[in-house]
Amino acid sequence: MATDYDYDVIVVGEALLGCDTPEAAARTLRSWETATAAITCGASGVLLESEGVPAQSLSDAPAPRVVDQTGGGDVFVGTVTARLALGDPITATVELAVAAATLSVGGRGGTGAIPTLARTAAHREGAPCPG
């Protein structure tokens, strides 16, 4: 389902911008006239800042287990991209991406635990993860 939404989303860890805090990184990105900034904060989740929406920290889906963090960011960005393309709202999109990324680190080498949508949605809701 294509949408008419035009997103300008940048996802980055604060260290890549030389910032000391996620809030400073969000301010930096937003000063570039970016509509939405998602600052990844490792185990602390994501700081999301969008036009007209107060900054929010999204970290409700802790990793059930951590085997290898390789690919966690890729799963996060891939989920954000796919869900925005399907027309999901930005907050729900990032919450689902956090859940997917935290599940993905339970496998080895970036391909060991890429979760299904059903498993990711269950994890996001705090339910036991199927499969």
Side-chain angles (χ1 to χ4, degrees):
M1 172 180 175
T3 68
D4 292 331
Y5 297 113
D6 181 19
Y7 282 98
D8 182 14
V9 180
I10 296 177
V11 179
V12 67
E14 74 258 24
L16 293 176
L17 295 172
C19 298
D20 293 331
T21 67
E23 293 80 11
R27 280 192 305 275
T28 297
L29 291 176
R30 299 279 288 123
S31 74
W32 299 345
E33 299 181 21
T34 302
T36 300
I39 311 301
T40 59
C41 305
S44 298
V46 173
L47 177 73
L48 179 65
E49 188 173 307
S50 294
E51 287 179 5
V53 179
Q56 19 182 349
S57 180
L58 305 173
S59 60
D60 295 344
R65 70 182 194 146
V66 176
V67 173
D68 186 347
Q69 295 176 347
T70 303
D74 295 332
V75 169
F76 179 86
V77 171
T79 302
V80 166
T81 302
R83 299 317 304 178
L84 288 177
L86 290 169
D88 289 2
I90 189 65
T91 300
T93 290
V94 172
E95 288 173 345
L96 196 65
V98 168
T102 60
L103 287 173
S104 76
V105 300
R108 285 185 24 194
T111 60
I114 298 173
T116 64
L117 179 58
R119 187 163 189 250
T120 300
H123 183 53
R124 176 182 168 211
E125 297 301 321
C129 296

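Remember, predicted model here, so these are calculated numbers, not experimental data. For the numbers below, each heavy atom of this structure counts, side chains included, while hydrogens, waters and symmetry mates do not.
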**Asked** Under the side chain to side chain contact (heavy atoms under 4.5 Å, CB included) test, which residues partner Arg30, sequence neighbours left out?
**Response** Ala37, Glu49, Glu51

**Message:** Before you tell me yes or no, could you show the steps for Thr79 and Val98 under side-chain contact (heavy atoms from CB on, under 4.5 Å), namely the whole-Å CA-CA distance, both residues' side-chain angles and the distance that decides it to 0.1 Å?
**Reply:** CA-CA 9 Å; Thr79 302; Val98 168; over 6 Å; no

**Prompt:** side chain to side chain donor-acceptor pair (under 3.5 Å) with Thr91: which residues, sequence neighbours excluded?
**Reply:** Gln56

**Request:** Give a yes or no answer on whether the side chain of His123 reaches the backbone of Ala63 with a donor-acceptor pair at less than 3.5 Å.
**Result:** no

**Prompt:** Hey, are the side chains of Thr21 and Ile39 touching, using non-hydrogen atoms and a 4.5 Å cut-off?
**Reply:** no

**Message:** If I take atom CG from residue Asp88 and atom OG1 from residue Thr93, how far apart are they, to the nearest 0.5 angstrom?
**Reply:** 4.5 Å

**Request:** Hey, could you give me the CG/CZ distance between Leu117 and Arg124, rounded to the nearest 0.5 Å?
**Result:** 10.0 Å

**Message:** Which heavy atom of Gly72 sits nearest to which heavy atom of Ala101, and what is that distance?
**Reply:** O-CB, 3.4 Å

**Asked** Does any non-hydrogen side-chain atom of Thr102 lie less than 4.5 Å from one of Pro62?
**Response** no

**Message:** Among residues at least two apart in sequence or on other chains, which ones pass side chain to side chain donor-acceptor pair (under 3.5 Å) with Thr120?
**Reply:** none

**Message:** Listing request: all salt bridge (charged side-chain N to carboxylate O under 4.0 Å, His left out) pairs with a residue in residues 35-48, at least two apart in sequence or in separate chains.
**Reply:** none

**Message:** For a quick test of reading the model, state the closest non-hydrogen atom pair linking Ala100 to Pro115 and the distance between them.
**Reply:** O-CG, 3.6 Å

**Prompt:** Side-chain heavy atoms under 4.5 angstrom apart, residues restricted to Ile, Leu, Val, Met, Phe, Trp, Tyr: same cluster for Val77 and Leu96?
**Reply:** no

**Request:** Look up atom CG in Leu58 and atom CG in Leu48, then write down how far apart they are to the nearest 0.5 Å.
**Result:** 5.5 Å

**Fill in**
Minimal heavy-atom distance between Arg119 and Leu103, with the atoms involved, is O-CD1, 3.8 Å

**Item:** For Val66, the rest of its hydrophobic cluster, which grows through side-chain links under 4.5 angstrom
**Value:** Val105

**Prompt:** Which heavy-atom pair separates Leu47 from Ala26 by the least distance, and what is that distance?
**Reply:** CD2-CB, 4.0 Å

**Complete:** Those residues at least two apart in sequence (or on a different chain) that pass side chain to side chain contact (heavy atoms under 4.5 Å, CB included) with Ala82 are none

**Message:** If I take atom SG from residue Cys41 and atom CD from residue Glu23, how far apart are they, to the nearest 0.5 angstrom?
**Reply:** 7.5 Å

